[in-house]
Amino acid sequence: MDLEFNETELAFRDEVRAFMRSELPEDISRKVISGNELTRDDYMRWQAILNAKGWLATTWEEEYGGPGWDAVQRHIFSEESALHGAPRMPPFGLAMMGPVLIKFGTEEQKSTLLPRILDGSDWWCQGFSEPGAGSDLASMKMRAERDGDEYVLNGQKTWTTLGQYANKIFCLVRTASEGKPQASISFLLVDLDTPGVEMRPIRLIDGGYEVNEVFFTDVRVPVENLVGNENEGWTIAKYLLTHERTNIAGVGFSIMDLERYKTLAQEIKRDGMQLSDHPIYAARAAAIEADLEALRITNLRILAETRDGSAGGVGSSMLKLKGTQVRQELQDLYRSAIGPRAATLSSGLSHNEMSVPYDAGQAAQVYFLHRKLSIFGGSNEIQRNIVAKEMFRD
Amino acid sequence: MDLEFNETELAFRDEVRAFMRSELPEDISRKVISGNELTRDDYMRWQAILNAKGWLATTWEEEYGGPGWDAVQRHIFSEESALHGAPRMPPFGLAMMGPVLIKFGTEEQKSTLLPRILDGSDWWCQGFSEPGAGSDLASMKMRAERDGDEYVLNGQKTWTTLGQYANKIFCLVRTASEGKPQASISFLLVDLDTPGVEMRPIRLIDGGYEVNEVFFTDVRVPVENLVGNENEGWTIAKYLLTHERTNIAGVGFSIMDLERYKTLAQEIKRDGMQLSDHPIYAARAAAIEADLEALRITNLRILAETRDGSAGGVGSSMLKLKGTQVRQELQDLYRSAIGPRAATLSSGLSHNEMSVPYDAGQAAQVYFLHRKLSIFGGSNEIQRNIVAKEMFRD
Amino acid sequence: MDFNLSEDHQLLSNTLNRFLGDNYDIEKRNEAGFTAPYHLQDMWNGLAELGVIGALVSEEKGGFGGSAEDISVVFEELGRSLCVEPMLGTLLALRVLSDHGQDERVEQIISGESRAALAVYEPNMSCDLSAMEATAVEQDGVWRLNGRKSAIYGAPGSDFVVVAAKTESGTGLFFLENPVLICAAMVDGGGVADLVMENTAAECLALDAETSLTSALDLGRIALCAEAVGAMSALQDLTVDYLKQRKQFGTTLSSFQALQHRAVNMQIEIEQCRSIVISAVGQFGQPGGERNVSMAKNLIGRAGRLMSEESIQLHGGIGMTWEYPGAHFAKRLVMIDHQLGDQNDHAMRLIATGAKQLVD
Amino acid sequence: MDFNLSEDHQLLSNTLNRFLGDNYDIEKRNEAGFTAPYHLQDMWNGLAELGVIGALVSEEKGGFGGSAEDISVVFEELGRSLCVEPMLGTLLALRVLSDHGQDERVEQIISGESRAALAVYEPNMSCDLSAMEATAVEQDGVWRLNGRKSAIYGAPGSDFVVVAAKTESGTGLFFLENPVLICAAMVDGGGVADLVMENTAAECLALDAETSLTSALDLGRIALCAEAVGAMSALQDLTVDYLKQRKQFGTTLSSFQALQHRAVNMQIEIEQCRSIVISAVGQFGQPGGERNVSMAKNLIGRAGRLMSEESIQLHGGIGMTWEYPGAHFAKRLVMIDHQLGDQNDHAMRLIATGAKQLVD
């Protein structure tokens, strides 16, 4: 048994660290660490820096422009990214569209679309969920009717993350009116500037804007935009859902959050008592730290098991479950540590005016926004169902 | 809104308190408070004292020998009993058999059996559960075949509490081979000394003995022992299950346990620190105290709502759920407070030798035994199902 | 023993419920709550006309109520409608003003003519008055205040602020007209402000008002707890309705046992919260009654988080959206824990007062 | 990075598993564990023959292992079989003896010829050596001990006890042959004793052995945590099997979603416990490694209670019976938290050492 990375891996980690220290723009990392929204330009600047280094499309094969990393390297890269406050690059182009095209796309699709993902010409978003069909793809309703060399799309998608920055969307659509979803769904690419597409923002609980609804009214899409065969979209969707999801446990984010809490606890007083000496807070932080250290190792164990393949469904479900619990606990601890001022929105109260080194109301907003962790991307209830199915299999 | 008992009720409470202080034998209350098992004789002594006072069969009408109390008086009596360390009288004769006979029994059954319950001639036990059918009466298997003026019983009952002290058992038996349980079950009384009845102890997790299995092999019982009509036992069982259960929240027990904990925390040190000053323990005890105070009021609220009738199913399910949680938390707090010595069974280490005023290993035993609170008498999962059914009713 | 509201209280509750229901939908509330002055003046006038502000003060002090129960009846209804009007700040100010013979000012506030707030909290102080750092010193017959106050609820748009500050005799109260405030919205809507004082001249109301302050703050805590119970009930109704309607995998969410059991646990906690408010109300003013207040704030803090997180989770994505009323109830329930001392502050207070009791 | 056992460790694990499986059923265990001397001499001899006792000490000190990983491999198997043999007490005694050049005694213990236990804990001391009250004073060339030791694991039937007591130089170690013990069974089986010392003469092994003691106790904690992981795995297997088999209302318990989700939560905690033991083993002896030990003991304490209570609850009545093996696993998991410092003691240790680190 050996907990340590080997020498090659350690050297790689040092290389990533050096890169983060020299190349990650400080204004971006500051935003990430304090939980502020990133602009499209922030993402694009970091994307260009990664692409120049060849570290952008971490899961792609080298022939398509990926760095040729194994699972451990990908893990190291994403953990170091989190620890240094690098943006988590939206997965829709790099981690979803790219691998899908590489596995299911035509040569034509690969040669035209993959480079556009890397150089930022295309920002993809995802059209899977529909109102009334979040985790339940089988009840999906959006239709694509074949009309000559085109499909005519009618319906609605929702929870489309960062759709406001995107120019393209990949959709699951119903191409057969009958039969099981496994045999009636197709995977289709749509330009967002096609007539009949309308994107509307959904304001979230914190007042911020990161997801959208997309409406399709008689939208005409050429049949070449199909990925894979007609009525075989289920296979692609399943591939995406079970595909290795790097950093699903978010250990790096949680380590960063715990550090942030510890700094705060050294700086803030509650009723005259230094928060780091406050027994209730200190005992709770100690328990969370134990959970986080265990999670870090669990993550590595599952990584080691699946070093050569994709992560098993049960393993990644467990990581998602515990990972979101730990992160949400930390957000709650941080919010709660701030005390009465956490109820105050920052507008009008600058950092200096607060005379404490944190953005008080921001912490509560971040806490509320991060309730999404246990809902989006397959709710924790769905993850428990997945693990239970495996546990109670005959 | 008025939280207080009225003057009559307060006078009654004072009367009960005075009675407890003067009449409850100290050796018995000591056993109750420290969680030791009571002997049959302990129960019988207290039963005789209560019976002499006319306070034994708290739920019976006056004509049958009950005290004629309303729900508030019954509540006050059971709370005061708990607070003073009086034994909780086994419900099988007094709270189950008695009310069933009064409601469903023949005049003959009432006149012969009720007095025998009061004077202790009969100790009844309960034969409802069967192996493989705990909360699920529908899958009950024990059969009673009619043969002339007798039933012939074959089958097995289990979880028969204090059966070792009993001379009689009331059973649910299957008297029709087909049809719904609602139309095939009868309520039958059996002398435990009838040939073919065998009682075997079940040792519980703490090594103690309070439940039993009862085996019936060709046991012949006269048809006069039927209560109600043949195949109408379901009605009686349902009556018993929804009948008002006094003190289901166990508030008095929990108050006593919290006091016991506070005394301990004043007397014991952990790593040199007085336990009452230990922030982790003190904060936890404070939260439990808040839960308990809320439960005390919840109990009174439900009592006030149902003052004149029997407690609603949902109300008593909620009281059982929160009541068992609070009691079990207190048992856990107490066990945990004792520290390393809680792992030591008391045998061989007398109180003096322990040089602390508690029975160390006993606390852990009591904690384990009290896991039964959330299982027996309708598990907490069943209670949640009951409440959910009401909540989500259309 | 009677847990029903009296006829008067039932009337107050119904009137308020109807008024808020008729005049106060969630869109209007959200628009007002996040834009200065963070409430609606015509709503405030309406509440004054209904006598709701007066219900916070006793008849002998010029109001028409003022018992802990009056206050809990009012705030439960405010919570059920998620009202952002500055009633908490007004309650706190009214109580200390009426304790110190400020009859005229009290009358103005009750009539809705003017509005006041109470400045107690500070960046390093959450619940324990002895941690207060702001000071008041008399120089040449003028009282001058120094220090920083924060979390002054309802201060934006108010006409004056009552400030608590340390004097040589204890914790004094000072009256500040047209204060210069740093105003902001609260995370869950409504107004709040900080106040920086540098030799700020003020009128002295009392040199040592700790008893009055503690009593006012404890009533504020009861108010917040009652508000939480109202908000929890409304949120639970939304959640149960949603589970009954929404279908997934071909069946309603309410048929999934894991979700059922969680909804039951929530329901039990709501009952517990309602009970602990009754307990705090019933014991208010009795010896040891501050322990019941702290028990209430501790339990409500824990249950509020549970209700908030579980209701969002049981709703799924829709529960995360601004458009959905439930999200705002959920936010309110968590933020209530940040006001007037949170679950941990009140656990510490229970520990401190518990030790005291045992010594007595 | 490799989380597989080495071939040697796999062999050790398999051998021990087979030996215990062949010789040690639950009835035999329960009979032995509650009757003096609270273990089975022939099992102990068998374990010595297999080299399991030697695996607790390094080769240079006369054993055949001695690393934190060796110890965790042994104890995980002991936990899986719910073994009551006095291995914990032996581990503690062996480590301090081998640290102080007691080669002959170490050899006797490894061979099974004699047995020893370590007396550290006291009625008022749970985890923090500085709270120790027992003293040792030299008079006329003889060391005399005073005070009371408790929770001496594995002491009944042992040939000698190593006693920790305060000296002028620190925490000393003393050797006591044929001690007069107050013996008892543990709540979950196995032997434990108290020791009352009144001017008791003893041989001095060391005047200040705090480093050695802390290291031995931390290894003991790792041992207990590994034992808990073994016991949890076995208990979870029983629970999952039961849920799959047992029918209620016409369907298996495993088809109830509320129970499924709870079983999943348990499974995740077991994985977390396994991970934290790996972390504590990996960091043992490194700077700050005691924090990982305390994290392990804290997490295992919390998860152990969850596993114990939930497994009993999911079983229903049968889980409450002495006859059912699961009940004894459940008891062991809770009682492990009482040994060598519980979740709260280790939270306090994490707070103390965390503060130290930040100051450094």
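Note on naming: letters A, B, ... go to the chains in the order of the sequence lines (proteins, then strands), and numbering restarts at 1 for each one.
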**Item:** Expected output: side-chain C/Lys331 to main-chain A/Ile205 donor-acceptor under 3.5 Å
**Value:** yes
**Message:** Using only atom types and a distance under 3.5 Å, with no angle test, would you say the side chain of A/Asp271 pairs donor to acceptor with the backbone of C/Cys127?
**Reply:** yes
**Asked** With a cut-off of 6.0 Å (strictly less than), are more than 12 heavy atoms of other residues, nucleotides or ligands near CD of C/Glu31?
**Response** no
**Message:** My understanding is that only residues two or more places apart in sequence, or in another chain, count here; which of them pass salt bridge (Lys or Arg N to Asp or Glu O under 4.0 Å) with A/Asp291?
**Reply:** D/Arg302
**Under the salt bridge (Lys or Arg N to Asp or Glu O under 4.0 Å) test, residues paired with A/Glu289 that sit two or more places apart** = A/Lys262, D/Arg291
**Request:** Using non-hydrogen atoms and a 4.5 Å limit, figure out which bit of A/Arg335 sits close to chain C: side chain, backbone, both or neither.
**Result:** both
**Request:** Could you tell me which portion of A/Ser336 (side chain, backbone, both or neither) has an atom closer than 4.5 angstrom to a non-hydrogen atom of chain C?
**Result:** both
**Asked** side chain to side chain donor-acceptor pair (under 3.5 Å) with C/Asp128: which residues, sequence neighbours excluded?
**Response** C/Ser130
**Request:** Among the options C/Gly341, C/Gly319, C/Ala327, pick out the one with the most heavy-atom pairs lying under 4.5 Å from chain A.
**Result:** C/Ala327
**Prompt:** Is a salt bridge present between A/Arg371 and C/Glu309, judged by a nitrogen-to-oxygen distance below 4.0 Å?
**Reply:** yes
**Message:** Regarding A/Glu329 and C/Arg305, does a basic nitrogen lie under 4.0 Å from an acidic carboxylate oxygen?
**Reply:** yes
**Request:** May I ask you to list the residues in residues 310-318 of chain C that approach chain A closer than 4.5 angstrom, counting heavy atoms only, ordered by number?
**Result:** C/Ile312, C/Gln313, C/Gly316, C/Gly317, C/Ile318
**Prompt:** If we only count heavy atoms from C-beta on, is the C/Met335 to A/Phe368 side-chain gap below 4.5 Å?
**Reply:** yes
**Request:** Would you check if there is a donor-acceptor pair between the side chains of A/Arg341 and C/His338 at a distance under 3.5 Å?
**Result:** no
